[in-house]
Amino acid sequence: MKRTQALLLSMVACGGLACSGGTSDTTESSTTTATAEGDTGGDVAEMGEAAETPEGERPPLADLHVDDHLTYLVRLGNAHEEEAHVRIASVVDRGGSRAVKLTPVGVPGEAGQLFIAWMVADGDGLVGLEPHVSLGEPGFVPIDASGALVTEAESNIAWRVPKRWLELETRAFQNDPVEGWRLADAMPRIEGPVRMEHCVDLERREGDASRHLRVCRNVGIIGLSVTPEALEEHESWELVDLGQAPEELTRSLAAPGPEPADAIEESDTRNVTADD
């Protein structure tokens with residue numbers, strides 16, 4: 001079965017699309033260490049100068065906060081459905097840009113993954129970054145003090161949503177692909193359990209499969225679908241919740257794992273010795 005390849009919340013993976021690109025000094029006001037499953041730890045959440053936006057309009061990715069969980073309904077084939085969860089491991093504001101780190105904490109074994117390590121809202125739009133060892137180093141941030149993408153981030157762009165794709169007067173004329181994705185549709189808002197604003201539907205062909213990625217300015221990736229010729233290989237992701245981790249997920253992550261076999265053997269040996 002063909003699985004979802006690397007995209008940008010394969011998770012996860014959104015989106016901020018209208019940041020001011022001005023340069024400013026960054027003021028660090030809070031620090032958090034990411035400890036979710038699969039995270040390297042040491043990620044810093046900074047509150048720098050916020051991006052300038054028109055009066056009454058919120059900055060891009062404004063609805064994503066550290067430790068929030070994005071919950072997706074994953075459909076596999078014709079009937080199979082499961083939930084997938086992605087944690088917001090850190091949020092960094094620098095120079096009018098915002099970078100959000102995504103960490104999968106519960107994904108069905110049969111499903112592909114969004115495979116987006118970071119989402120970035122900068123002066124040029126919204127960007128998804130593929131996972132790479134350099135992007136997962138402790139303390140790594142994909143934007144510099146001016147809010148521009150650093151070299152490692154530029155080398156791992158999975159998709160980009162230009163600001164102009166959200167401008168009503170130009171939507172009908174944007175047919176040229178960007179990072180391999182074509183603008184298929186644009187929607188001012190999408191009704192659902194999560195408030196989704198300024199959304200686009202991106203499309204690309206990969207062999208015999210059609211791939212769609214839906215991204216919104218305020219929350220990033222809200223949907224992903226892969227439709228090959230064989231219907232049983234169809235896979236789709238749909239954002240159904242944003243907020244605290246579900247109680248059952250919290251319990252499963254907190255539950256102690258089985259005691260290592262060598263520790264059990266050592267304990268048995270001590271008991272035998274004591275009895276003797």
Side-chain angles (χ1 to χ4, degrees), residues 7-9 11-24 26-27 29 45-70 86-102 114 116-129 141-150 153-154 157-168 170-171 174 178-179 181 183 185-190 192 194-202 213-224 239 242-243:
L7 297 178
L8 74 340
L9 133 184
M11 290 351 302
V12 155
C14 302
L17 295 171
C19 290
S20 169
T23 301
S24 63
T26 301
T27 302
S29 63
E46 303 173 359
M47 295 306 296
E49 181 177 332
E52 295 181 5
T53 56
E55 186 176 355
E57 185 172 323
R58 296 176 304 149
L61 300 180
D63 288 346
L64 301 182
H65 311 91
V66 173
D67 285 336
D68 278 352
H69 280 71
L70 295 157
V86 178
R87 174 176 172 262
I88 306 301
S90 62
V91 176
V92 181
D93 291 313
R94 288 180 177 176
S97 297
R98 168 166 287 197
V100 176
K101 184 175 184 180
L102 306 176
L114 294 181
I116 295 302
W118 291 84
M119 292 187 294
V120 178
D122 60 14
D124 296 325
L126 183 68
V127 177
L129 303 179
V141 177
I143 51 178
D144 60 22
S146 69
L149 290 175
V150 300
E154 289 280 7
I157 294 177
W159 48 260
R160 181 189 295 273
V161 180
K163 283 197 306 181
R164 66 178 184 272
W165 281 2
L166 293 184
E167 298 172 2
L168 286 171
T170 62
R171 287 178 183 171
Q174 304 304 323
V178 175
E179 301 292 345
W181 295 88
L183 177 63
D185 196 8
M187 301 140 284
R189 66 186 58 83
I190 297 177
V194 179
R195 182 170 70 175
M196 296 173 276
E197 304 169 344
H198 302 281
C199 305
V200 294
D201 180 11
L202 308 182
L213 176 69
R214 294 197 298 169
V215 178
C216 294
R217 182 180 185 271
N218 61 318
V219 295
I221 298 176
I222 66 163
L224 168 69
L239 182 65
L242 169 60

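These figures come from a predicted structure and were not determined experimentally.
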Should Ile157 and Leu149 be marked as a side-chain contact (heavy atoms from CB on, under 4.5 Å) after you check the CA-CA gap, both sets of side-chain angles, and the distance that decides it?
CA-CA 10 Å; Ile157 294 177; Leu149 290 175; 4.2 Å; yes
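Among all heavy-atom pairs drawn from Arg214 and Ile190, the shortest one is NH1-CD1, 3.8 Å. Residues Val178 and Pro162 approach most closely at CG2-CG, 3.8 Å, considering heavy atoms. Residues Val200 and Trp165 come closest through the heavy atom pair CG1-O, 4.2 Å. Between Pro59 and Ala62, the closest heavy-atom pair is O-CB, 3.0 Å. In plain terms, the two heavy atoms of Leu129 and Pro142 that are nearest each other are CD1-CB, 3.7 Å.
For the pair Ile222/Leu70, no side-chain contact is recorded, criterion being any heavy-atom separation below 4.5 Å from C-beta on. The closest side-chain heavy-atom distance from Val161 to Trp181 is not below 4.5 Å.
With hydrogens and angles ignored, the 3.5 Å screen pairs a side-chain donor or acceptor of Arg98 with a backbone N or O of Leu61. Here the side chain of Asp122 pairs a donor or acceptor atom with the backbone of Gly125 at under 3.5 angstrom. A donor-acceptor contact shorter than 3.5 Å links the side chain of Arg94 to the backbone of Ile143.
Here Asp185 pairs with Met187, Asp201 under the side-chain contact (heavy atoms from CB on, under 4.5 Å) rule; sequence neighbours left out. For Asp63, the side-chain contact (heavy atoms from CB on, under 4.5 Å) test picks out Arg58, Arg195, Asn218, Val219, Leu242, with sequence neighbours left out.
Rounded to the nearest 0.5 Å, atoms CG (Leu202) and CG (Leu213) are 5.0 Å apart. Distance OG/Ser90 to CG/Asp67: 10.0 Å, rounded to 0.5 Å.
Ionic pairing of Asp124 and Lys163 is not present here: no N-O contact between side-chain nitrogen and carboxylate oxygen is shorter than 4.0 angstrom.
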